[in-house]
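In this text the structure is predicted, and so the values were computed from the model without any measurement.
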Amino acid sequence: MRLDLMLREHSTRLADGLGRVSAVVTDVDEPRWLEIAHAARSQRSRLIAMWGGAAPTRECSLNAAYECEDGILWARLVSGDTLQPEGDFPDLASIFPSAVRMQRAIFDLTGLRARGAQDVRPWLNHGNWPRDYFPLHKQATGTEKFESREADYSFVPVAGDGVHEIAVGPIHAGIIEPGHFRFSVVGEKVLRLEERLGYAHRGIERLFERTPASHGHRVASRIAGDSTVAFSWAYCMALEQACGTVLSKRALYLRALMLERERVANHLGDLGALGNDAGFAFGLAQFSRLKEDWIRANARVFGHRYLMDRIVPGGVADDVRPEHLAMQAEQCQSIEREVHVMRQIYDDQSGLQDRFLGAGRLTADVVEHFGVRGMAARASGRTFDVRAALRPAPYDEVAVKAASDPRGDVAARVAVRFAEIDESLRLIRTLLADLPDGPIVVDVTPPGAPSKGIGWVEGWRGDVFVALEAEPGDKIARCHCHDPSWQNWPALEHAIIGNIVPDFPLINKSFNLNYAGHDL
């Protein structure tokens with residue numbers, strides 16, 4: 001599906017420019033809403049995100065973003081008769097299964113329900129909100145008296161001889177985010193897994209509306225600490241599109257440098273954790289050391305171990321000093337040598353390979369069914385990568401070779417991580433060698449009229465998406481941030497089927513999905 005084919009009346013092409021992704025915004029009625037969804041599915045396009053909101057009046061808004069060959073189509077359902085609090089809208093879950101949880105979250109936040117949807121269980125509301133409380137309403141008060149307590153959740157039962165349930169979480173052994181996993185098993189063989197998330201709702205989307213647009217990157221960078229660069233870049237990209245800001249090449253190169261450093265840090269940490277989950281503590285020790293060296297270098301070069309608040313509207317907060325250029329290049333070479341040694345050790349370690357091979361296989365059909373993206377999809381034979389497919393600057397000049405492995409199991413996800421470290425190290429060296437001159441930041445002038453922008457960045461876990469509606473006076477009318485885990489969590493439920501319960505921590509870590517990304 002191409003953007004130029006979708007341009008009709010009430011459609012607007014957002015301003016293209018250096019470092020941005022092409023996008024079209026179109027206002028549609030219900031028939032057109034469904035027509036676009038069916039057209040996207042038939043042409044093997046993907047639903048990136050669905051989200052709702054509330055205008056200053058009682059009328060609500062409903063939005064969907066679709067992945068096109070040359071950018072993003074942002075469809076806005078305009079129907080004042082139906083988009084009222086406690087109204088409804090056409091269900092998209094029958095077209096895009098990944099819409100199920102998004103639609104459930106839309107109801108919890110706005111009161112809009114998907115008409116005809118089969119699954120209408122709450123997603124973010126765990127029973128601790130009044131029934132008339134919807135956080136994204138402009139006057140969200142929740143006047144109904146109620147007793148705040150965790151509500152029972154209707155997990156899908158599995159019947160049969162010898163079938164029993166194992167409940168894990170939401171509190172886990174470790175400093176990780178809360179999530180509940182309900183296993184239906186026979187013996188130790190998993191017949192079904194169902195996840196229950198939403199325990200860490202932080203009101204991020206409402207917080208954006210109370211934050212000046214020029215400071216919104218600080219909120220975005222705190223959505224997920226392991227993806228602070230990806231989220232802050234996506235937010236800034238959306239704001240810069242809304243404001244018509246043109247960045248310098250140097251700023252874009254520095255942003256890409258930080259994004260690749262973030263990718264390497266996360267893959268190093270995960271490779272160690274995967275070795276540990278398979279009983280190979282040596283791998284954890286070595287990769288933890290490498291990751292620590294890597295993020296200490298982040299602090300020396302950019303002033304923050306996890307690069308938080310380094311990407312700002314109009315560019316970046318800090319330049320790279322000349323002495324740090326050589327230091328980073330040398331570190332890339334040393335890390336590359338040690339990672340290659342560790343990969344050989346992992347490949348030769350029979351105990352590891354016995355645990356990795358065949359475990360948690362994610363088939364290409366499931367990837368297509370749920371619209372899985374990122375490292376998990378590339379480990380199941382897919383090659384999509386925003387950097388390689390759309391080549392937003394500076395990736396138009398520094399081409400990316402997307403890693404891929406057709407096997408779909410834990411071993412494939414390990415192999416893709418190793419390959420992506422190699423590619424990111426190559427990209428970092430190229431960016432450092434060809435770093436252009438120019439300012440690191442330019443002024444971003446707030447728009448004089450309501451305007452929109454999108455950001456789409458290939459984070460280490462997958463594509464991070466931001467849709468921004470800005471208003472005059474440095475105000476945010478609505479900002480929706482979307483993590484690829486929305487599509488990838490349901491796929492994990494399928495990948496565990498047929499495996500044994502003790503392999504779940506290993507399989508789960510091989511995906512390493514984001515809990516907090518569901519809790520905005």
Side-chain angles (χ1 to χ4, degrees), residues 17-21 217 221 227-237 239-241 245-268 293-337 339 385-388 390-402 420-444 455-460 464:
L18 193 66
R20 295 201 285 264
V21 174
H217 64 289
S221 69
S227 301
T228 182
V229 174
F231 272 107
S232 55
W233 189 352
Y235 174 84
C236 289
M237 184 188 297
L239 179 63
E240 289 149 7
Q241 186 172 58
T245 305
V246 178
L247 273 64
S248 72
K249 281 191 174 183
R250 187 176 184 88
L252 290 167
Y253 269 60
L254 291 174
R255 284 183 176 184
L257 177 62
M258 286 186 262
L259 185 70
E260 300 310 320
R261 291 194 67 91
E262 181 172 80
R263 193 182 318 278
V264 170
N266 282 288
H267 285 336
L268 289 173
D293 289 344
W294 189 258
I295 62 177
R296 285 184 182 183
N298 286 346
R300 289 196 300 273
V301 176
F302 295 105
H304 197 286
R305 287 163 59 88
Y306 291 97
L307 304 173
M308 192 168 287
D309 300 328
R310 301 302 89 192
I311 293 181
V312 299
V316 296
D318 296 293
D319 207 346
V320 176
R321 296 199 295 269
E323 62 269 25
H324 287 153
L325 296 175
M327 182 271 285
Q328 289 185 78
E330 291 171 3
Q331 187 186 39
C332 286
Q333 291 182 335
S334 64
I335 289 283
E336 187 175 59
R337 285 194 301 269
V339 168
D385 183 311
V386 174
R387 300 170 300 164
L390 298 180
R391 303 189 68 179
Y395 296 107
D396 56 340
E397 297 179 353
V398 186
V400 175
K401 303 170 187 174
E420 291 197 351
I421 288 175
D422 278 348
E423 179 63 3
S424 288
L425 293 175
R426 183 190 70 82
L427 291 170
I428 290 170
R429 287 194 290 261
T430 302
L431 291 164
L432 291 170
D434 299 330
L435 193 61
D437 294 328
I440 62 169
V441 66
V442 297
D443 290 336
V444 177
W456 203 20
V457 173
E458 187 69 31
W460 74 271
V464 168

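Side-chain contact check for Tyr306 versus Ile295: some heavy-atom pair is nearer than 4.5 Å. Contact of the His267 side chain with the Ser424 side chain is not registered, since no non-hydrogen atoms from C-beta on lie closer than 4.5 Å. Contact check for Leu18 versus Lys249: side-chain heavy atoms found under the 4.5 Å cut-off. Looking at Asp309 and His304, their side chains never come closer than 4.5 Å, going by heavy atoms from C-beta outward. Glu336 is listed as a side-chain neighbour of Asp422, based on a closest heavy-atom distance under 4.5 Å. Annotation: side chain of Leu257 is in contact with side chain of Phe302 (closest heavy-atom distance under 4.5 Å). Annotation: side chain of Asp318 is not in contact with side chain of Ile440 (no heavy-atom distance under 4.5 Å). Residues Glu458 and Val400 fail the side-chain proximity criterion, which asks for heavy atoms closer than 4.5 Å.
Partners of Asn266 according to the side chain to side chain contact (heavy atoms under 4.5 Å, CB included) rule, which considers only residues two or more places apart in sequence or in another chain, are Asp226, Glu262, Trp460. Shown here are the side chain to side chain contact (heavy atoms under 4.5 Å, CB included) partners of Val246, two or more places apart in sequence or in another chain: there are none. Qualifying side chain to side chain contact (heavy atoms under 4.5 Å, CB included) partners for Ala317, counting only residues two or more places apart in sequence or in other chains: Arg310, Val312.
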**OP:** Give the intermediate values and the outcome of side-chain contact (heavy atoms from CB on, under 4.5 Å) for residues Val457 and Val386.
**Re:** CA-CA 7 Å; Val457 173; Val386 174; over 6 Å; no

**OP:** Starting from the C-alpha separation in whole Å, work towards a yes-or-no answer on side-chain contact (heavy atoms from CB on, under 4.5 Å) for Tyr395 and Asp385.
**Re:** CA-CA 11 Å; Tyr395 296 107; Asp385 183 311; over 6 Å; no

Original post:
Taking it one step at a time, do Val398 and Tyr253 satisfy side-chain contact (heavy atoms from CB on, under 4.5 Å)?
Top reply: CA-CA 9 Å; Val398 186; Tyr253 269 60; 4.0 Å; yes

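Looking at Arg20, its side chain never comes within 3.5 Å of a backbone N or O of Pro392 through a donor-acceptor pair. Put simply, the side chain of Arg263 gets close to the backbone of Gly459: a donor and an acceptor are under 3.5 Å apart. The closest donor-acceptor contact from the side chain of Glu240 to the backbone of Gly314 lies under 3.5 Å. At least one donor-acceptor pair under 3.5 Å links the side chain of Ser248 to the backbone N or O of Pro439. Arg261 places a side-chain N or O within 3.5 Å of a backbone atom of Trp294 that can act as its donor or acceptor partner.
The distance from the CG atom of Leu425 to the CD atom of Glu423 is 9.5 Å, given to the nearest 0.5 Å. Between atom CG of residue Leu435 and atom CG of residue Leu254 there is a gap of 5.0 Å, rounded to the nearest 0.5 Å. Between the CZ atom in Arg305 and the CZ atom in Arg300 there is a gap of 11.0 Å [rounded to 0.5 Å]. Between the CG atom in Leu427 and the CG atom in Leu432 there is a gap of 11.0 Å [rounded to 0.5 Å].
Scanning both residues, Asp443 and Thr245, for their nearest heavy atoms gives O-CG2, 3.8 Å. Between His217 and Ile311, the shortest heavy-atom distance links the atoms CD2-O, 3.4 Å. Summarising the geometry of Cys236 relative to Pro313, their closest heavy-atom pair is SG-N, 3.5 Å, with the distance given to 0.1 Å. Among all heavy-atom pairs drawn from Ser221 and Ser232, the shortest one is CB-CB, 4.0 Å. Closest of all the heavy-atom pairs between Ala399 and Arg391 is CB-NH2, 3.6 Å. For the pair Pro394 and Leu431, the tightest heavy-atom approach, listed with the atom from each and the gap, is CG-CD2, 4.4 Å.
Across Arg321, Met258, His324, Gln331, a single residue satisfies side chain to side chain contact (heavy atoms under 4.5 Å, CB included) together with Val301, and that is His324. A salt bridge (charged side-chain N to carboxylate O under 4.0 Å, His left out) with Glu260 is found for one member of Arg429, Arg387, Arg426 and no other, namely Arg387.
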